[in-house]
Amino acid sequence: NPIAFKTLFPDLADADLPFRTSVRGEAVYLMTATGATRIPTPPTMKNHGYFSASISELARWLGTRSAVRQVLHPALPSCPGHEHWASHCKAAAGLFSVMIDARHTTAQVDAFCDALQLFGLGYSWGGPMSLAVPYDLDSMRSGSLRHGGHLVRFSIGLEAVADLRADLAQALAKAFG
């Protein structure tokens with residue numbers, strides 16, 4: 001989603017957006033109300049030649065997989081609450097969730113997460129490494145708030161989109177056939 005780039009760098013041409021191209025350089029800035037100051041890139045944020053990932057592309061692709069009942073990412077028009085998000089926001093974060101269809105077992109969802117090779121298992125609000133974590137919604141909700149299915153939350157890092165998609169595909173195949 002180029003909206004964040006266009007907001008920060010309005011003069012940047014579409015051809016110069018860092019999507020599906022290797023990262024040739026990087027800079028980290030401390031942004032304040034009065035300006036920006038370049039700071040050293042923390043070692044955990046160095047790209048090491050990876051690609052900028054498209055969160056929306058991965059989320060849309062996951063939505064086409066038979067094991068996935070629903071993708072929850074506010075930037076996608078199919079997501080509940082999209083209209084509200086679109087009226088208040090211009091960009092979305094690198095976090096999204098998927099609802100795995102209820103026909104699958106918790107053991108299969110755990111097997112899916114365990115089969116991921118590029119995704120670490122853990123919680124995150126965004127960072128350079130992609131992470132996944134399953135949630136047991138039935139133990140968190142009751143009554144009318146119950147959801148059918150199993151939720152897996154993703155935080156997308158700086159790995160190549162094609163590599164992340166291949167990792168998701170092999171994990172889906174192992175866990176759900």
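Scope of the values below: all heavy atoms of this structure, side chains included, with no hydrogens, waters or symmetry mates.
For the pair Val109 and Leu151, the minimum side-chain heavy-atom distance is 4.5 Å or more. Using a 4.5 Å heavy-atom threshold, the side chains of Ile100 and Val152 count as touching. Between Leu131 and Tyr123 there is no side-chain heavy-atom pair separated by less than 4.5 Å. The side-chain heavy atoms of Met99 and Val68, taken from C-beta on, include no pair separated by under 4.5 Å. Using a 4.5 Å cut-off on side-chain heavy atoms (C-beta onward), Arg153 and Ser97 make contact. The shortest distance between side-chain heavy atoms of His150 and Gln108 does not fall below 4.5 Å.
Remark: Asp101 pairs with Arg103 by the salt bridge (charged side-chain N to carboxylate O under 4.0 Å, His left out) rule, at least two apart or across chains. Under the side chain to side chain contact (heavy atoms under 4.5 Å, CB included) criterion, Asp110 pairs with Thr106, Pro134, not counting sequence neighbours. With sequence neighbours excluded, the residues that form a ring pair (Phe, Tyr, Trp, His ring centres under 6.0 Å) with Phe154 are Phe96, Phe119. Partners of Glu83 according to the side chain to side chain contact (heavy atoms under 4.5 Å, CB included) rule, which considers only residues two or more places apart in sequence or in another chain, do not exist here. Take Thr34 and apply the side-chain hydrogen bond (donor to acceptor under 3.5 Å, both in side chains) test, not counting sequence neighbours, and it matches Thr32.
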**Request:** Evaluate the side chain to side chain contact (heavy atoms under 4.5 Å, CB included) criterion for residues His73 and Arg60: first the C-alpha distance (whole Å), next the side-chain angles of each, then the deciding distance (0.1 Å), finally the verdict.
**Result:** CA-CA 9 Å; His73 189 280; Arg60 280 192 299 269; over 6 Å; no
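For the salt bridge (Lys or Arg N to Asp or Glu O under 4.0 Å) condition, no pair includes a residue of residues 168-177, sequence neighbours left out.
Met129 and Leu121 are members of different hydrophobic clusters when ILVMFWY side chains are connected at heavy-atom separations under 4.5 Å.
With hydrogens and angles ignored, the 3.5 Å screen pairs a side-chain donor or acceptor of Ser130 with a backbone N or O of Gly157. Checking side-chain atoms of Gln70 against main-chain N and O of Cys79 turns up no donor-acceptor pair under 3.5 Å.
Nearest heavy-atom pair, Phe176 versus Ala67, reported as atom, atom and distance to 0.1 Å: CD1-CB, 3.6 Å. Between Ala59 and Val71, the shortest heavy-atom contact is O-CG2, 3.4 Å.
Just one of Leu58, Val98, Leu118 meets the side-chain contact (heavy atoms from CB on, under 4.5 Å) condition when paired with Leu168; it is Leu58.
Once rounded to the nearest 0.5 Å, the distance linking CG of Leu62 with CD of Glu57 reads 11.0 Å.
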